[in-house]
Amino acid sequence: MVVAPYYTAMTDHPCIDFGAAAPALAHALIGATLLVDGVGGVIVETEAYDGDEPAAHSHRGPTPRTAAMFGPPGHAYVYRSYGIHWCLNFVCRESGHGAGVLIRALQPTHGLDTMRARRGLTDERLLCAGPGRVGQALGITAAHYGLSLCEAPFDVRAAPADVPVQVLTGPRIGISQAQDLPWRFGLAGSRYLSRRF
DNA sequence: AAGTAGATGTTCT
DNA sequence: GAACATCTACTTA
C-alpha cells in the first residue's frame, strides 16, 4: 500500500474572515495580496481600529463619513486624510460596531508601471509605503466607498497557508488617543514598511 | 538626519 | 477655530 505524500493546498485561496475582530483581521492580512483593478501587491503593514476605542473614526457613532464602518464586514471604508489623501480600510466584525483595518503599506507586485505613473515616482520602495501612498498608487477615490472587497474592482487573496510569516506589532502611527494599544502590524524584515517598528 | 511648513475635507469644541 | 488614522518640499546641521 502506497502512502500518499502529504501536501498542502497551495493552489487554494484560503478565505479571509472579514467578520473577525479588528486586531485579528489586521494580523491575518499581513502577507495577503490586495489588488484594485489588477494593481497592487502584498500587504505588509496594517492597523486595527475599533469603535470601543477613542482613536477610531467610528468611536463617536456613525456620521456621513463613517457610515461604511457600521455596514457589513468585507466592504471598503474610504476616507480623506487631512483633506488630501485617500485611505483604504477593510470593514470587519458585524455591523453596528464600527471596526476596520487600515491598509498602511504594500510590497508592490502588480501594475508597477501604473503605480509609478499615479505616484510620479520610480522608487519601488516608496510606491505604497504609507496609507496615503497606497491610496494614490491603487487609484482609490470616493468611488470605492462601501464597495464589496469580494468583487471587482477589488481582489483580496489570503497568504498561502504553508508560507510562514513573522508579524511584528507596535503602537499605531499618527494618533494621539489610545497610544498604548499595540494594534499596528507589519511583516518582519520587509523594506516596504511606512516606518520601522 | 532631523525639523518645519503647507496642502485642506470632515468632524468636533 | 482646532484637530486630524498624511505626505512632500524645503530648510538647517
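In what follows, every heavy atom counts, from backbone to side chain, and hydrogens, waters and symmetry copies are set aside. Here is the naming used below: chain letters follow the sequence lines, and residue numbers restart at 1 for every chain.
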Which atom pairs link the protein and nucleotides 11-13 of chain B when you take only N or O atoms and keep those under 3.5 Å?
from: dT11(B); atom 1: OP1; to: T63(A); atom 2: OG1; distance (Å): 2.8
from: dT11(B); atom 1: OP1; to: R65(A); atom 2: N; distance (Å): 2.7

Please give, in whole Å, the distance from [N] [atom2] to [X] [atom1]?
X       : N       : atom1 : atom2 : value
L102(A) : dA5(C)  : CG    : P     : 10 Å
Y77(A)  : dT10(B) : OH    : P     : 11 Å
L127(A) : dT6(C)  : CG    : C1'   : 17 Å
W86(A)  : dC4(C)  : CH2   : C1'   : 16 Å
R195(A) : dA2(B)  : CZ    : C1'   : 13 Å
M69(A)  : dA5(C)  : CE    : P     : 11 Å
R125(A) : dC7(C)  : CZ    : C1'   : 14 Å
Y82(A)  : dT8(C)  : OH    : C1'   : 14 Å

(request) Ignoring backbone atoms, test whether S176(A) places a side-chain nitrogen or oxygen under 4.0 Å from the OP1 or OP2 oxygen of dC4(C). (result) yes

N or O in side chain of R80(A) less than 4.0 angstrom from dA5(C) OP1/OP2: no

How is R119(A) classified with respect to the nucleic acid when contacts are heavy atoms under 4.0 Å: base, sugar-phosphate, or nothing?
sugar-phosphate

For G132(A), answer base if it contacts any base atom (sugar-phosphate contacts may also be present), sugar-phosphate if it contacts only those atoms, and nothing otherwise; contact means non-hydrogen atoms under 4.0 Å. sugar-phosphate

Rounded to the nearest 0.5 Å, the CD1 atom of I140(A) sits from the CG atom of L88(A) at a distance of 5.0 Å

In the structure I gave you, are the side-chain heavy atoms of [X] and [Y] within less than 4.5 Å of one another anywhere?
X       : Y       : result
Y77(A)  : S58(A)  : no
E53(A)  : L181(A) : yes
P23(A)  : F185(A) : yes
I175(A) : Y49(A)  : yes

Query raised in the report: Does atom CD of Q166(A) have more than 12 heavy-atom neighbours from other groups under 6.0 Å away?
Result: no

By nearest-nucleotide position on DNA chain C, the 5'-leaning member of L126(A) and I175(A) is I175(A)

Ranking R133(A) and Q177(A) by the position along DNA chain C of their nearest nucleotide, the one closer to 5' is Q177(A)

Quick check: is F154(A) connected to L35(A) through a chain of hydrophobic side chains (ILVMFWY, heavy atoms under 4.5 Å apart)? no

- Hydrophobic cluster identity match, Y192(A) and V167(A), side-chain contacts under 4.5 Å: yes

Writing each nucleotide of DNA chain B 5' to 3' as (, ), [, ], | or . by Watson-Crick or G-U pairing under 3.5 Å yields |||||||.||||.

| said: Any donor-acceptor pair, under 3.5 Å, between the side chain of Y79(A) and the base of dA5(C), if you only look at N and O atoms? | reply: yes

_Walk me through whether I173(A) and E45(A) qualify under side chain to side chain contact (heavy atoms under 4.5 Å, CB included)._
CA-CA 11 Å; I173(A) 290 179; E45(A) 184 181 341; 4.2 Å; yes

Check: Would you say the side chains of R118(A) and Q136(A) form a donor-acceptor pair under 3.5 Å?
Finding: no

Span that lies between the P atom of dA2(C) and that of dA5(B), in whole angstrom:
15 Å

>> I'd like to check, for Y49(A), whether its ring lies over the base of dA5(C) with centroids under 5.5 Å apart and a plane angle smaller than 30°.
In response: yes

Checking dC7(C), dA5(C), dT8(C) against the side chain of L121(A) (C-beta onward), the nearest is dT8(C)

Per atom distances to the I84(A) side chain, the nearest of dT6(C), dA5(C), dA7(B) is dA7(B)

